[in-house]
Amino acid sequence: MAITSTSIAAAQQPVYLDKTKPIEDRVEDALSRMTLEEKVKMCHAQGKFSSPGVPRLGIPEIWMSDGPHGVRAEINWNDWGYSNWKNDSITAFPALTALAATWNPEMSAIYGKNVGEEARFREKDVLLGPGVNIYRTPLNGRNFEYMGEDPYLAGEMVVPYIQELQKNGVAACVKHFALNNQEKWRGNVNVVLSDRALYEIYLPAFKKAVQDGKAWSIMGAYNQIWNQHCCHNDRLLNKILRDEWGFDGVVITDWGGAHDTKESALNGLDIEMGSFTNGLTSESEFTFDDYYLGNPYLEMLKKGEVPDSTVDAKARNILRLIFRTAMNSDKPYGSITTPEHYAAAKQIGDEAIVLLKNNGILPLDPAKYRNILVVGENAVRLLNEGGGSSELKVKDMFSPLEAIKAVYGDGVKYAEGYRTGRPMYEKEDIIPQAILDSLRNQAVEMAKDADAVIYIGGLNKNGFQDCEASDRREYNLPWNQDLIIEELAAANPNLMVANVSGNAYAMPWIDKVPAVLQSWYLGTMIGPSMADVISGKVNPSGKLPFSFPRRLEDNSAHYFGERSYPGIEQATDGGNAAADLAGADVNVGKNPEQEYLDDIFVGYRWHDTKKIPALFPFGHGLSYTTFEYGKPVLSAKEMGADGSITVSVPVTNTGTSEGKEVVQLYISDEKSSLPRPLKELKEFKKISLAPGETKTVEFTITPEALKFFDDKAHEWVAEPGKFKALIGSSSTDIRANAQFSYK
C-alpha cells in the first residue's frame, strides 16, 4: 500500500481526536495526556452555565442551559442577570405536567426532538431537564416541571424525550436526583423514608431514564437523604446510580448543591456548579477555583488525602460527555422557532388539556355563542415569565384571549377579574383590596349580559404559586378567585372554568359550575390549543397525571401533619452557615427533618387504599364523545415465573365525533405478605377512534408487573397467588377486569 500524507497524518493523530475510534478508547487516550490540574479544572464551573474543557488539547468546554420546556435566554457569565442578546428568543413548549397529561409517549418523542433542535441551534451541550420527581404534595412549587404522581407513567413518558433530545447531540440532564419533592427548605431538609418507598415510588422513573433512555447526565438534588446531601451522597450516587444501574454519564450538582470537598471527591459527583449561591438570585463572593472541587480538591489530591482514582473517574465521565456532545461532529445543525416547532407545541398542548367536568355546554358552538365574556388574568398574562429556572424568553406567545377572539369574533369582551402583580421569588406585590374588589365587581356586572362566560384563572409563576424556591401557602386558589368564580356562576349559568396551573387546587364552587377544563402552562401555543378545545375543533383527550384531592388533608403527605410535610425544624447552636451562604431563608431551614409517613401510598394509591375519594382521580379525563369497553380476554389463566399472559379488550367509540381514549391497565394483588396498594398502573395505550369504530387493545403482563420491593431482602418479589387485571378510563373508572394466577 502506498504511503500518503493523509495516511501519515492519520497515524500521527491522537486517538481522542479520531471520531472513528470507540468513545472509550478516545476517553482513555485523552485522559492519559491530561495533567492533574487540568483534570480538577474540569470538575467545576467556569461561569454560570459553563464548565472547562482542556484548551491545550483542543477539548472544548461544556455549555449548559436551563430547561426542559425550552432553552433559557442567555445568562451573564458570572451573575444571574440576562445578557440581553437579540437572538435567543425561543419556542416555549408545554410544561412537563402537560406532557404527562397527554399519556402519549409519541408526544414525548416529538417534544424531545423539537426542543433538542432548538438547544442544538443555540449551541448547548447539556439541557438541564427533564424532571421526574414524584408529585407528592400539591403545594410543591415545582410540580409543574415534573411528570405526575405515578412512577410508571413518569418513566414511560421520560424515555422518548431523552432519546430524541440526545439524537441532536444534546445531553439530557435528568433531575432532581432524588426526593426533591418540595421547595420549602429544599437546601437541606433531610428526608427519612423506607427503602420500599424509595425503590417502588421515587426511583423507578430515574432508573428508566438511565437504563432505557440512556441519559448522558443526571442532576443531583438540593435536599439530604440519610443525613447526606444528594449531590455527594454515597449510597444514592455510587451504590444505586452507578453500581446497581450502571450509569456511565456525568453527575452535575444543582446550582449550589455541593457542601463538602471530601464527600464530593469520594461520593460520585463529577461537575460542581453554582456553589455558594442559592441557585437562583444570590451571588458568590468566591471564585470558581474556590469551589469544593476546585483548589481545595486539588490540595487534598496532592496531599494524598483522597486517591487520584477519584479525579480520574470524574474526568473520564466528563470526557465521555464531551465526546458525545461538544466534540460530536455528526450532530445536526438544529433550528429554532420554526413552523414545525410551533406545530409540535400545539399538538402536545391539544392532547394535554383535560376535560374535568361537562354538563353539555362544551364544546361552545361558535355559531350559537357570539357574545362571550372572558374573565381572568391568565387569559392575557405571559405565563412563561417567572417560575425560576423554567423562565423562558419567547419569540411569540399566542394568548388565550386573542385565540378565542379569532374563533368567536368581535363579540368577545374581556374583564381582568383579579390581579397578581410581578413575578418574584421571596416576595409579592400587594394589590390594594379596593382594586381587587373593583376588578371582581366589574367582571360580575359584565357577566350578566354575556351569552357565556369563560373564566381563565388558576395559578401563575409568581412566588408561592407554581414557582421554584417556594411552595404554595394554601390549597385554594389565591387572590380570592373562589369568590370571583362563585359570583360569576350566580350572575351567568353558562360559565365554564378553564384554569391554568401545574398543580391541583381546591374547587369549593365545583357544583355550581357546568364545565371545567384543566389547562396547563402550554407555552407559545397556549391560546390556540385552549380555543380549539373550547370550540370543539379539538376533542380533549388529556388525562390527569395526578389526583385532585377535595381537601389538602386528604392528600397523603398532609394527612400525617407537619412531620410528613414540610418537616420539623431542629434546634441548632449559633447561626445557620448554609442559610447565610445560600442567601435565601426560603430554601434553608434549621436542620429540618421530614419523614415520608405515607410510605408507598402516594397519590391514587393513597386515595384508593385508604378509601378517601379524590375530587378528580388520577387518570381522569372526559371527552366530547363516549367510549364503551367490551369483555376482556386473557390468553391464559395462569402465568409462570418465566412466562407472560396477554389481556385484550375491545373499545368502541359510541359517540358522534372522533376522539382519543387512554386505556389504562392496573394490577391488583389479592393477597400479599406486605401491604400493597389496592391497584397500581402497569401499562396504558392511547388510541384514536372514529364514531362507531372499535379497536382491540392488548396488554402483555409479565412477572415484573406483579412485583413489589421487599426492603428486608433488598429485592423485587412476585409472590404466587391470585391477581386481577383492571382495565379502565381512570384509576376509579374501571370498565373491565379479569382474574389470573401466578405460580
Side-chain angles (χ1 to χ4, degrees), residues 68 94-112 129-136 138 140 143-163 174 178 181 197 199-213 348 351-354 502-504 518 520 541-548 556 600-608 614 616-621 660-668 677-687 697 699-701 704-705 726-734:
L96 290 190
T97 42
L99 177 60
T102 69
W103 286 62
N104 189 346
E106 291 181 11
M107 293 300 102
S108 181
I110 290 170
Y111 198 126
V132 291
N133 291 102
I134 291 297
Y135 185 113
R136 181 172 180 259
N140 181 10
N143 275 334
F144 71 95
E145 296 187 49
Y146 303 140
M147 296 196 191
E149 71 186 25
D150 183 75
Y152 179 81
L153 175 64
E156 289 298 300
M157 294 301 293
V158 76
V159 168
Y161 180 113
I162 295 168
Q163 291 172 335
V174 183
N181 302 314
Y199 276 83
E200 287 194 19
I201 304 297
Y202 298 102
L203 291 186
F206 285 104
K207 184 178 181 181
K208 289 276 287 188
V210 168
Q211 295 190 333
D212 295 351
I348 296 164
E351 291 205 19
I353 294 173
V354 181
N503 257 309
Q518 172 59 28
W520 317 94
S541 64
K543 299 280 187 175
L544 290 179
F546 50 79
S547 309
F548 272 59
S556 67
I600 62 171
F601 298 100
V602 177
Y604 71 92
R605 290 167 167 82
W606 171 263
H607 290 288
D608 287 354
F616 293 110
F618 173 79
H620 172 73
K660 295 177 180 177
E661 171 70 329
V662 179
V663 184
Q664 304 163 39
L665 170 69
Y666 297 83
I667 296 293
S668 175
L678 187 66
K679 56 181 174 292
E680 295 179 282
L681 181 71
K682 293 300 179 181
E683 201 170 346
F684 59 89
K685 289 183 180 178
K686 193 166 193 175
I687 58 172
V697 178
F699 298 111
T700 299
I701 304 172
E704 289 297 314
L726 307 172
I727 302 172
S729 187
S730 81
S731 60
T732 60
D733 185 8
I734 301 301

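Computed from a predicted model, the values in this text were never measured in an experiment. One is the number of the first residue; the rest follow in order along the sequence.
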Shortest non-hydrogen separation from [X] to [Y] and the atoms involved:
X: Pro130; Y: Met147; result: CB-CE, 4.2 Å
X: Asp733; Y: Ser730; result: N-OG, 2.9 Å
X: Ser556; Y: Arg136; result: OG-O, 4.5 Å
X: Val132; Y: Ala205; result: CB-CB, 3.8 Å
X: Arg605; Y: Pro151; result: NH1-CD, 3.9 Å

What distance separates [X] [atom1] from [Y] [atom2], expressed to the nearest 0.5 Å?
X: Leu665; Y: Thr700; atom1: CG; atom2: OG1; value: 10.0 Å
X: His620; Y: Gln518; atom1: NE2; atom2: CD; value: 11.0 Å
X: Phe206; Y: Ile134; atom1: CZ; atom2: CD1; value: 8.5 Å
X: Met157; Y: Tyr111; atom1: CE; atom2: OH; value: 10.5 Å
X: Thr732; Y: Tyr666; atom1: OG1; atom2: OH; value: 8.0 Å
X: Asn181; Y: Asn133; atom1: CG; atom2: CG; value: 5.5 Å

Exercise. What's the verdict on side-chain hydrogen bond (donor to acceptor under 3.5 Å, both in side chains) for Gln664 and Ser731, showing C-alpha distance, side-chain angles and the deciding distance?
Worked result: CA-CA 8 Å; Gln664 304 163 39; Ser731 60; over 6 Å; no

For this session: List for me each residue that meets salt bridge (charged side-chain N to carboxylate O under 4.0 Å, His left out) alongside Glu683, sequence neighbours excluded, and say none if there are none.
Result: none

Problem set entry | Partners meeting salt bridge (charged side-chain N to carboxylate O under 4.0 Å, His left out) with Lys207 (sequence neighbours left out) | none

I'd like to check [X] versus [Y] (side-chain heavy atoms, cut-off strictly below 4.5 Å). Are they in contact?
X: Ser541; Y: Val662; result: no
X: Asn503; Y: Pro138; result: yes
X: Leu96; Y: Glu145; result: no

Exercise. Quick one: which of Leu681, Asp608, Leu544 gives a side chain to side chain contact (heavy atoms under 4.5 Å, CB included) with Phe618?
Worked result: Leu681

Exercise. Quick one: which of Glu156, Glu351, Glu661 gives a salt bridge (Lys or Arg N to Asp or Glu O under 4.0 Å) with Lys686?
Worked result: Glu351

Exercise. Between the side chain of Tyr161 and the main-chain N/O of Ile110, is any donor-acceptor distance below 3.5 Å?
Worked result: no

Seminar exercise, completed: Sorted by chain and number, sequence neighbours left out, side-chain hydrogen bond (donor to acceptor under 3.5 Å, both in side chains) with Glu200 holds for Arg196

Exercise. Can you tell me if Thr102 and Lys543 form a side-chain donor-acceptor pair at under 3.5 Å?
Worked result: no

Exercise. Taking only residues two or more places apart in sequence, or in another chain, which ones meet Phe546 in a ring-ring contact (aromatic ring centres under 6.0 Å, His included)?
Worked result: Tyr135, Trp520, Phe548

Exercise. Got a sec, which residues hit side-chain contact (heavy atoms from CB on, under 4.5 Å) with Lys682, two or more places apart in sequence or on another chain?
Worked result: Ile667, Glu680, Ala705

For this session: Could you tell me which residues satisfy side-chain contact (heavy atoms from CB on, under 4.5 Å) with Ala197, sequence neighbours excluded, listed by chain and number?
Result: Leu193, Ser194, Tyr202, Asp599, Ile600

Exercise. Would you call the rings of Trp103 and Phe684 parallel, tilted or perpendicular, where under 30° means parallel and over 60° means perpendicular?
Worked result: perpendicular

For this session: For Ile687 and Val697, run side chain to side chain contact (heavy atoms under 4.5 Å, CB included): C-alpha distance rounded to whole Å, both residues' side-chain angles, the deciding distance at 0.1 Å, then the answer.
Result: CA-CA 8 Å; Ile687 58 172; Val697 178; 3.8 Å; yes

